[in-house]
Amino acid sequence: MAILKVRRLQKSFGRTKVLRNINFSLEKGEVLSIIGSSGSGKTTLLRCLNSLEFADSGEIIVNGETIFDGGDPGQKRSEKALREKRLHFGLVFQSFNLFPQYTVLDNITLAPKLLKKGTDEEIKKTALELIESVGLKDKVNNYPGELSGGQQQRVAIARALALHPAILCFDEPTSALDPELTGEVLKVIKGLAEKHMTMIIVTHEMTFAHDVSDKIIFMDNGVIAEEGAPEILENPQSERLRAFLTSF
Amino acid sequence: MDFSEQFPIVIQSLSIGFLQTLKLFGITLLGAIPLGLIISFGSMSKFKPLSAVVRVIVWIVRGTPLMLQLLIIYFFPGLVFKNPIWGGGEEGRFIASAVAFILNYACYFSEIYRGGIQGVPHGQQEAGMVLGLSKSQIFFRITLLQMVKRIIPPMSNEIITLVKDTSLARIIALQEVIWAGQAFLKGTQGISGVIWPLFFTGVYYLAFSGLLTLLFNFIEKKLGFFKA
């Protein structure tokens, strides 16, 4: 059974249709990369999955549970229900969004502690393991302002993982980084792929998308213009994807 | 009476006046700091009629002199409704002054808060949301301290201005420190025609605003451990 099914998702901002009939599914342990030019709806799609935006119609089903149904106006949109739905997903932002007043460790433990996901010692132990796994053992007690962009993004990944999301989403995780810092972040994501973490990655790094993904979706103007195995990047079937790829 | 005899008399009189100044200062902060937060939420409300009304009130209060507001608040009930709700005497004048100062400063504070709240990047809230935190957890554990850090410099400005603005209550004869110093011009307690007590009131203001400056520098330093 697919871990994620998205059906007929539609979303407009005012008169602009940002998502038009988006359908796809994802198996557990798969890595999906979403590519496409700016304004094609990639980020909006991620934000709908994470309930930061709400689609106008369509369905989002995680592990068989419908977490969004545009056809059911009576569905629970209470804060509590939303919070539970959001926890199926993790989201790593383009601009990291670490909490500046907390150390690396506290950034990671804040939510698990507030959500009572274990004892303080358990939470701290998990957090330290995560920090080590992203290679920042020596930065545990530093503040985000003292870290490079690449280091901050690795902390953000650890922070998202601390809540054990079923699906981890990345919104252009390296777009705000200097070129020499993207490698260290991509390496962490690659490591997660090797451990079969289910991930959805919005990215402009074509080589990376090719190497790490099981599946690629190319979005153009709010629709999925082409999808398939990573090989579509070498051998695009649609004219639009071909044109997009030559711009790199 | 020579200077050494005058000095203790003047100091005692000024100190009593300054106590009234401090009282007005303290009560104003106590009222205006929370009221300002309510006003700022009102002006940011998504309910348009509410935010419009609040913004007009803020515009009027910030756009007219505090001295005018003091006079109107003090005299209006008595002269228009024949109902001098503040009562006569020093206590009545103090209450009227406090009302005027709290309203005036709350409006200024509300704009500072608004800037502070809107200045915290929206991504901070969203990061809290995707981590499954509640609105109040996001406000108290994530946004609040960043907001406080942002508003400390403009708030310290306003609060030091407030120290000196309290002297405006002199216009309705509140017996604050300048009123006390001025009394020695005309003559009181056997001392008259001397200007130095008036100069000396400045020392009180300087000392107190100096103390506040140190306090705010300390707070800024305390919050310097993170960049926001």
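The sequence lines fix the lettering, A, B, ..., with proteins before strands; numbering per chain opens at 1. When reading the values below, keep in mind they use all heavy atoms of this one structure, side chains included, and skip hydrogens, waters and symmetry mates.
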request  = Identify which part of Leu87(A) has an atom lying under 4.5 Å from any heavy atom of chain B, answering side chain, backbone, both or neither.
outcome  = side chain

CD (Glu91(B)) with more than 12 external heavy atoms under 6.0 Å = no

remark   = The reported gap from OG in Ser95(A) to NE2 in His122(B) (rounded to nearest 0.5 angstrom) is 11.5 Å

task = Evaluate whether atom CZ of Phe81(B) has more than 12 neighbouring non-hydrogen atoms of other residues, nucleotides or ligands under 6.0 angstrom away.
result = no

request  = Determine which residues belonging to residues 143-174 of chain A lie within contact range of chain B, meaning some heavy atom pair is under 4.5 Å apart, and list them by number or answer 'none'.
outcome  = Tyr143(A), Gly145(A), Arg159(A), Leu163(A)

Which atom pairs, one a donor and one an acceptor, fall under 3.5 Å between side chains of residues 63-77 of chain B and the rest of the protein, sequence neighbours left out?
from     : atom 1 : to        : atom 2 : distance (Å)
Thr64(B) : OG1    : Ile60(B)  : O      : 2.9
Thr64(B) : OG1    : Gln69(B)  : NE2    : 2.8
Gln69(B) : OE1    : Asn104(B) : ND2    : 2.8
Gln69(B) : NE2    : Val61(B)  : O      : 2.8
Gln69(B) : NE2    : Thr64(B)  : O      : 3.1

request  = Using a cut-off of 6.0 Å, state whether more than 12 heavy atoms not belonging to Gln118(B) lie near its atom CD.
outcome  = yes

request  = Enumerate by number any residue of residues 97-109 of chain A whose heavy atoms lie under 4.5 Å from heavy atoms of chain B; in the absence of such residues, state 'none'.
outcome  = Asn97(A), Leu98(A), Phe99(A), Pro100(A), Gln101(A), Tyr102(A)

task = Spell out the residues in residues 135-169 of chain B that have some non-hydrogen atom less than 4.5 Å away from a non-hydrogen atom of chain A, in order of number; otherwise answer 'none'.
result = Lys135(B), Gln137(B), Arg141(B), Ile142(B), Leu145(B), Gln146(B)

request  = Give, for atom CE of Met129(B) and atom CG of Asn50(A), the distance between the pair rounded to the nearest 0.5 Å.
outcome  = 10.0 Å

query = Which atom pair, heavy atoms only, marks the closest approach of Ser134(B) to Arg83(A)?
reply = CB-NH1, 3.2 Å

task = Would you indicate whether the side-chain heavy atoms of Leu91(A) and Leu131(B) approach each other to under 4.5 Å?
result = no

query = Does atom NZ of Lys124(A) have more than 12 heavy-atom neighbours, drawn from other residues, nucleotides or ligands, at distances under 6.0 Å?
reply = no

